[in-house]
There are 2 protein chains.
Amino acid sequence: MSDAKRPKDQLKAHIRAQNQTLILETSERVFARQGLAKTTTQMIADEAGLPKANVHYYYRSKKDLLEAVLERILEMWLHSVSEFNVEEGPKRNLTRYISEKIDQSRDNKNASKVFAMALIGEEPFVLDYLRRLFVSELSREKATIETWVNEELMDPVPVEHLFISIWAMTQTYADFDAQVRIMLQKECLGESDYDEAKVFITRMVLAGCGVKELL
Amino acid sequence: MSDAKRPKDQLKAHIRAQNQTLILETSERVFARQGLAKTTTQMIADEAGLPKANVHYYYRSKKDLLEAVLERILEMWLHSVSEFNVEEGPKRNLTRYISEKIDQSRDNKNASKVFAMALIGEEPFVLDYLRRLFVSELSREKATIETWVNEELMDPVPVEHLFISIWAMTQTYADFDAQVRIMLQKECLGESDYDEAKVFITRMVLAGCGVKELL
DNA sequence: GTCTATAGGGAGATAGAC
DNA sequence: GTCTATCTCCCTATAGAC
């Protein structure tokens, strides 16, 4: 085994990475549109412009493929939402958090739907992931909020329920967008709809938490 | 054709009604547990203690069966949540509405999950139903809220977004209960968890809507 | 790495005896 | 109305030539 890769190997690795990305991006779209169980590897192959056997070459089974898609989504999420910054206080942090979550609903609707489908179906892969990462994530945010409560910048709140509510309110614009479109009587949502959602959700959360700070 | 039914017909009608109810109740449970596409008519038949052919005798196709299940869920929902009563004012009405929605999440978890699965999968049957009934329902509630706003019992609110948020927050305890259980670190939710949810959601909604009234 | 052809396994649905 | 046996179709996954 030599440390320096030969050009041939580099080319192969490049092709591999390119095809895997193509397959994962296509899968996310098809899974979101068709549902996890209804999606066939043939549909994914067709939409990616590949023969079905190639999809199975890169991902041995449909289950492996779904898990790769979910892992990609969960990684992306962890890195796309800012963590709380205790010095900035609750108002700025909660406002930014809600805004970023709504942006996610708008910009990564397919990823959000696939995640929701996997969660509602209680896919073990997703539950394990949440158990490993979400709980520790939440305990950090809980500590930050308790600091703010002690500084009397906001009222005491049930932190778990607060996050459950924020996630529910923001994700619903992606996961159940069909229902949202019917209620707003629009063919598809515009920038102003997402802005109104941000403003109203922020208003409820800040008022409900009794955020005192003016700025 | 005689107007008076013969005993034989009554018996047949009774057997029919009984079997249909058994099949629908079983289906709701299995659909919720397995997902709509993964559920097989064989699973439903086994769990109902019937041969598969009997399921197909009462519901020609799996699609017909799912639609019958969904219709039953939607009918139940329409009759289980109180309408707004304008004289009672926003505080009592919103508090009761949220409480009833959380009770639904707790008591009809399977129904809620099946509905969520159908909605996220954009089943045409569900979308049509929502288009026909939800929009008119919402416009009545919108009028009531505008009355309260004019009487200065609460601040002006974007009514559509308010209902989207309330539904999202309350339904999430049924639809994504796996996530909720992980966050609360409990094997299953107890009465106190649902009560805390009710109190906190109500607090956010009343504060966010600037409900003035004290009682 | 790519692709055709096919094995192997179920699922939905129904025929037809009881 | 009930139930067994079966038809038909299509999906996942792989073998094997290129």
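Chain naming here is simple, since letters A, B, ... match the order of the sequence lines and numbering starts at 1 in each. Values below: all heavy atoms of this structure, side chains included; hydrogens, waters and symmetry mates excluded.
- With rounding to whole Å, B:L50 atom CG is found 10 Å from D:dT2 atom C1'.
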Handout entry: Verdict with supporting geometry, B:W167 and A:Q179, side-chain contact (heavy atoms from CB on, under 4.5 Å)
Key = CA-CA 11 Å; B:W167 290 338; A:Q179 188 181 31; 3.9 Å; yes
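- One atom, CG of B:N54, and another, C1' of C:dC18, lie 13 Å apart when rounded to the nearest Å.
- Comparing C:dT2, C:dA13, D:dT2 by their closest approach to the side chain of A:Y57 singles out C:dT2.
- Relative to the side chain of A:H56, the nucleotides D:dA13, D:dT2, C:dG12 differ in distance, and D:dA13 lies closest.
- Here C:dT14 presents its P atom at 15 Å from NZ of B:K62, a figure rounded to the nearest Å.
- Set against C:dT14, C:dG1, D:dG1, the side chain of B:Y58 has D:dG1 as its closest nucleotide.
- Atom CZ in A:R60 sits roughly 10 Å away from atom C1' in D:dT14 (whole-Å rounding).
- Here D:dG1 is the nucleotide among C:dT2, D:dG1, C:dT14 with the atom lying nearest to any side-chain atom of B:R16.
- To the nearest angstrom, P of D:dT12 lies 7 Å from NZ of A:K52.
- The listed nucleotides are C:dG12, C:dC3, D:dG1; the one nearest the side chain of B:N19 is D:dG1.
- Ion pairing of B:K52 with B:D46 is absent here, as no side-chain N (NZ or NE/NH1/NH2) approaches a carboxylate O to less than 4.0 Å.
- Per the geometry, CG belonging to A:D46 stands 14 Å off C1' belonging to D:dC10, to the nearest Å.
- Between A:T40 and D:dC11 there is no side-chain N or O to OP1 or OP2 distance below 4.0 Å.
- Closest to the side chain of B:A53, from the set C:dA15, D:dG1, D:dT12, is C:dA15.
- Spacing between atom CD of B:Q42 and atom P of D:dT6 amounts to 16 Å, rounded to whole angstrom units.
- With C:dT2, D:dT2, D:dC3 as the choices, the nucleotide that has an atom nearest any side-chain atom of A:I15 turns out to be C:dT2.
- When ring centroids are compared, B:F84 and B:W148 come within the 6.0 Å threshold.
- Using a 4.0 Å heavy-atom distance criterion, B:Y59 is classed as making no nucleic acid contact.
- Side-chain N or O atoms of B:S99 include none that pairs as donor or acceptor with a backbone N or O of B:T95 at under 3.5 Å.
- In summary, the aromatic rings of B:F163 and B:F134 are positioned with their centroids too far apart to meet the 6.0 Å limit.
- Comparing atom distances between the B:P51 side chain and each of D:dT4, C:dA13, C:dT2 picks out D:dT4 as nearest.
- Following rounding to the nearest Å, A:L65 (CG) and D:dA13 (C1') show an atom-to-atom distance of 13 Å.
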